[in-house]
Structure formats: structure tokens, C-alpha cells
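Owing to the predicted nature of the structure, the values given are computational and were not obtained by experimental measurement.
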Amino acid sequence: MEAKDVPISIPALATEPRFAQRLRGHLEEEQLLDGRYRLQEVPGGRVALPVLEEKLNQLRLPQEMPCGLVRIQDPVPSRAARRQTPAQKLRDELRRLLGESWSEELERDVPRAWQRHGDLVLLSEDSFRAALWEKLGPELWETVALALGARRLARQGRVLPDGMRSPSVTLLLGRDGWVEHVDNGIRYTFDVTKCMFSAGNITEKLRVASLPCSGEVLVDLYAGIGYFTLPYLVHAAAAFAHACEWNGHAVEALRRNLALNGVQDRCRVHHGDSRQLELRDVADRVNLGLIPSSEEGWPVACRVLKKGTGGVLHIHHNVETLPARAPAQTPVLRAEQGSPGGASLSDGEAQHPTEDSGKERLGARIRPEWQRWAEGTAARIRGLLAELHGQPWRTSVLHIEAVKSYAPHVHHLVLDLECRPA
């Protein structure tokens with residue numbers, strides 16, 4: 001069912017100005033005054049006091065104060081209502097809807113946070129699960145949408161175990177789930193019931209946008225709706241991109257997003273399993289943005305790198321980090337230039353994000369587990385490239401980026417790994 005822009009109309013008692021305060025006191029005492037709206041003047045020089053519609057059957061007009069029932073079109077919110085947080089407003093609207101059926105159990109079931117995508121609000125999986133909510137039907141969702149200033153509602157479910165991280169989202173109100181986001185000047189559109197949007201990766205998208213990619217060819221092995229493909233094309237000035245994605249819904253959104261941002265002529269979309277990608281010897285840069293691990297894509301990444309000059313791999317991975325016992329940590333792993341043996345430790349320290357903020361700070365140190373993962377990954381990639389081409393390759397750790405905390409003691413990291421023929 002779709003929400004419509006229907007003017008709000010509320011009941012009110014209209015009386016002469018000299019009786020307004022007495023009538024207000026009476027309505028407050030009887031808990032009939034609707035505090036969401038201000039008293040308003042109505043034709044005839046009278047003052048209208050908003051009353052609760054769900055309690056009209058309890059309304060008894062006081063004989064000593066002449067008044068009549070009217071309706072106010074587009075009432076003005078009271079100061080108290082304007083000071084309410086959205087969560088408070090939602091709770092109060094639901095209490096009015098349910099009346100005497102309201103309970104502490106239901107209050108615990110009301111969400112205090114949600115995601116907003118334009119005119120669509122995405123509720124959390126654990127909200128509105130009590131049996132009583134279902135009995136209210138569409139009226140519940142219309143009330144929630146009105147309280148939150150939305151036209152459409154959806155509710156999250158668990159991510160499906162289909163290998164595509166497809167969301168399990170139910171549309172509760174509205175015709176479709178297509179929404180639009182703007183990040184760093186890039187427009188993303190997608191269907192929230194079909195595709196995930198990784199808001200937590202914004203720092204990595206900003207970092208990607210600042211990379212010097214002018215004239216380069218990018219291969220994005222897990223493109224999704226274009227989370228990283230678009231920053232590479234729009235801001236980092238990559239000359240061309242090959243975007244690989246096997247989720248048909250994400251591919252539809254990706255094609256729309258390329259057109260929305262005017263870069264469709266600089267990107268070829270490969271719909272299918274990236275492990276079966278037939279490209280070879282084309283890429284200056286490969287993005288492997290899959291977590292918890294992109295390891296299955298490493299052989300493909302090695303194949304698509306230019307065999308004559310190599311390039312840079314951006315490898316995403318979830319790395320377990322044990323609780324630190326002491327503040328001392330080891331330097332960032334960094335390869336010495338020209339080292340034929342590949343990755344090794346140098347005297348200098350690379351820039352690296354602090355664990356708390358994920359933002360870079362010169363001279364910061366990293367966790368030993370991150371260093372060991374980077375060193376092991378560099379060695380694995382070096383071996384794959386040597387086996388593929390029949391000659392030695394160098395792998396140099398350029399940077400390790402902490403994107404976000406994924407779970408307790410687990411960090412989403414990105415390794416920038418330079419790979420060159422020895």
C-alpha cells in the first residue's frame with residue numbers, strides 16, 4: 001500500500017477566547033487535549049483547542065463553557081512536538097494508536113534507530129515483532145511512516161547465505177524499494193530489498209577517490225552496485241574499468257549508476273562469476289573488495305595484471321586482532337624498493353590508521369596480526385605470480401588501511417600491494 005499526500009485534519013473544540021484557558025484546563029484534566037498541536041484561531045473569532053481523535057467517544061462538552069466540535073486543516077505543531085526526537089514522536093503516535101492496549105512489552109518493540117534512504121525508512125530486524133502489531137495491518141505502517149516523515153517503509157532481515165550477501169528485506173509500505181544515495185558527489189541508486197549498501201565503507205571510498213589512477217585500467221572483481229568502481233572512474237580518473245558482478249540485481253543497479261554519473265562509456269560490466277573471468281594482461285590496478293575474504297579472487301587478480309609492468313592490488317580481508325596486553329606494537333610492514341625477495345621490513349614507518357578512528361596518522365603503528373597477515377598475503381601473491389609467468393616477481397606493501405571494526409576483535413583491512421616483474 002502506498003502513502004499519499006493527504007492534508008492532515010484533526011478534531012478540535014472551538015470556543016470564545018475568554019473561555020479558552022478554562023477549556024484547556026478541563027481537557028488536560030480529562031487527558032483529552034492533543035498536545036502535538038497549537039491552539040489556533042478559527043472563523044468567527046473563536047479559538048480551537050485540538051483534542052485526541054481516538055478519545056472523541058469520551059468527550060463531554062462542558063455546559064458552562066459554550067463550545068463546538070470543528071476540524072482543523074493542516075494544524076500547526078506545538079513547541080513541545082517540535083522539540084521531540086523522531087523516536088519520541090514515533091512512540092507517542094503509536095501510544096495514541098493503541099490506546100489502552102499499549103504496554104511496556106510493545107514499547108520495547110518500537111525501534112529507537114533506523115536507516116533513512118530518501119523517503120524510505122528501513123527498520124531493524126527486531127522491531128515490531130509482537131503479535132499485536134500484525135493485527136493493526138496497514139494502519140500501523142501508515143502511522144509509523146507519518147511519524148517518521150517517510151512515504152515508504154521496509155524492514156531488514158538476515159543477510160541471505162547465497163554467496164551474494166543478498167539482503168532479506170520486506171517492503172511494508174510503498175510500491176518499490178528503489179532509493180538514491182549521494183556519497184562524495186557520486187550518485188548511487190539501488191533497490192534496498194535486493195541489494196546491500198555498505199555505508200560503513202565510506203572512508204575507503206573516499207581514499208579510493210584520492211588515488212592517482214589517471215590513465216590506468218581498473219578491474220573491480222566484486223563491483224556490487226559500483227561502491228568502488230565509481231570513485232575510481234569519477235574522482236580518481238581511471239581511464240577504463242572492468243566491473244565484475246554475479247548478482248543480477250546489483251548488475252542492474254550498477255548499470256544505472258554508471259549512467260547516472262556519466263561514466264558508462266568508460267566501463268564494461270562483466271555479469272557472472274569473477275573466477276571465470278576471461279580477461280588477461282589488462283589491469284594496472286585490481287580491486288578485491290570482498291569480505292570476510294577475497295582469497296578466491298587472488299589467482300584471477302594475478303591473471304588480469306599487466307604481465308609486462310604489473311600493478312597494484314587492493315586486497316580486502318577481515319583480520320582477527322587479539323586484545324592487546326601492552327601498548328608496544330610493531331612498525332608497519334613496508335617493502336624495500338628493489339628487493340628481489342619481495343616484502344621485507346624497512347627502517348621507516350608507513351602512514352597507518354589508528355585502531356580507534358580508522359583515519360591515517362603519520363608514524364602510527366599497527367597490530368602484529370595485521371603485519372603478519374600483510375606479509376603472508378604478499379608472499380602468497382608473489383608465489384602465484386611467479387607460477388603464472390614462470391619468472392620471479394616483487395611484491396611491495398604500500399599501505400594497510402583499517403576500514404572499520406567488523407566484529408569484536410575483527411577488523412576489515414585493505415592491503416595495497418604493489419606487484420612488479422623482478
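Between Arg285 and Cys213, the closest side-chain pair of non-hydrogen atoms falls below 4.5 Å. No side-chain heavy atom of Leu106 sits under 4.5 Å from any side-chain heavy atom of Leu94. Residues Lys55 and Gln31 meet the side-chain proximity criterion, which asks for heavy atoms closer than 4.5 Å. Side-chain contact between Ile381 and Trp393: absent, with no pair of heavy atoms (C-beta onward) separated by less than 4.5 Å. Counting heavy atoms from C-beta on, the side chains of Leu172 and Leu123 come closer than 4.5 Å. With a 4.5 Å cut-off on side-chain heavy atoms, Ile72 and Tyr37 do not count as touching.
Of the N and O atoms on the side chains of Asp416 and His314, at least one donor lies less than 3.5 Å from an acceptor on the other residue. Checking Thr189 against Trp178 by side-chain atom types alone, no donor-acceptor pair falls below 3.5 Å.
Glu105 and Arg108 are not joined by a salt bridge, as no carboxylate oxygen comes within less than 4.0 angstrom of a charged side-chain nitrogen. With respect to Arg367 and Glu320, no salt bridge is recorded, no charged nitrogen being found less than 4.0 Å from a carboxylate O. In summary, Asp109 and Arg129 do not engage in a salt bridge, as defined by a charged side-chain N under 4.0 Å from a carboxylate O.
Nearest heavy-atom pair across Ala301 and Leu313 is CB-CD2, 4.0 Å. Thr395 and Ala378 make their closest contact through OG1-O, 3.2 Å (heavy atoms, listed as atom of the first residue, atom of the second, distance). For the residue pair Tyr222 and Ser294, the shortest heavy atom distance occurs at OH-O, 3.9 Å. In this structure, Ala145 and Leu153 approach most closely via the heavy-atom pair N-CD1, 3.9 Å. Here the closest heavy-atom approach between residue Arg187 and residue Glu180 is recorded as NE-OE2, 2.8 Å. Residues Ala14 and Val42 come closest through the heavy atom pair CB-CG2, 4.1 Å.
Looking only at distances, no side-chain donor or acceptor of Glu204 sits under 3.5 Å from a matching main-chain atom of Asn201. A donor-acceptor contact shorter than 3.5 Å links the side chain of Arg266 to the backbone of Ala238. Side-chain atoms of Tyr227 do not come within 3.5 Å of backbone N or O of Lys205 as any donor-acceptor pair. Between the side chain of Asp284 and the main chain of Gly311, no donor-acceptor pair closer than 3.5 Å is present. At least one donor-acceptor pair closer than 3.5 Å links the side chain of Arg155 to the backbone N or O of Ser127. At least one donor-acceptor pair closer than 3.5 Å links the side chain of Glu245 to the backbone N or O of Gly224. At distances below 3.5 Å, at least one donor-acceptor pair connects side-chain atoms of Arg152 with backbone N or O atoms of Asp176.
Partners of Glu296 according to the side chain to side chain donor-acceptor pair (under 3.5 Å) rule, which considers only residues two or more places apart in sequence or in another chain, are Arg275. With sequence neighbours excluded, the residues that form a side-chain contact (heavy atoms from CB on, under 4.5 Å) with Ser293 are Glu295, His317. Listed by chain and number, the residues in a side-chain contact (heavy atoms from CB on, under 4.5 Å) with Arg24 are Gln21, Glu28, Leu33, Leu39, Leu49 (sequence neighbours excluded).
Between Phe240 and His242, the angle of the ring planes goes over 60°, which puts this pair in the perpendicular group of the 30/60° scheme. Relative orientation of the His316 and His412 rings is tilted, given thresholds of 30° and 60° on the angle between their planes.
Interatomic distance, Thr229 OG1 to Asn257 CG, rounded to the nearest 0.5 Å: 10.0 Å. Distance check, rounded to the nearest 0.5 Å: CG of Leu233 to CZ of Phe228 gives 13.5 Å.
Under a cut-off of 6.0 angstrom, the local environment of CZ in Arg420 is crowded, with over 12 non-hydrogen atoms contributed by other residues, nucleotides or ligands.
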Evaluation steps, side chain to side chain contact (heavy atoms under 4.5 Å, CB included), between Leu98 and Leu136 = CA-CA 9 Å; Leu98 287 165; Leu136 296 175; 3.8 Å; yes

request  = Show your working on side chain to side chain contact (heavy atoms under 4.5 Å, CB included) between Leu69 and Leu13 and close with a plain yes or no.
outcome  = CA-CA 5 Å; Leu69 189 62; Leu13 286 181; 4.1 Å; yes

key: Trace of the salt bridge (charged side-chain N to carboxylate O under 4.0 Å, His left out) decision for Glu252 with Arg256   = CA-CA 6 Å; Glu252 181 184 359; Arg256 292 193 188 193; 3.1 Å; yes

Evaluation steps, side chain to side chain contact (heavy atoms under 4.5 Å, CB included), between His235 and Ile186 = CA-CA 9 Å; His235 294 309; Ile186 296 174; 3.6 Å; yes

request  = Apply side chain to side chain contact (heavy atoms under 4.5 Å, CB included) to the pair Trp298 and Thr377, showing each step before the final yes or no.
outcome  = CA-CA 10 Å; Trp298 294 0; Thr377 300; 3.7 Å; yes

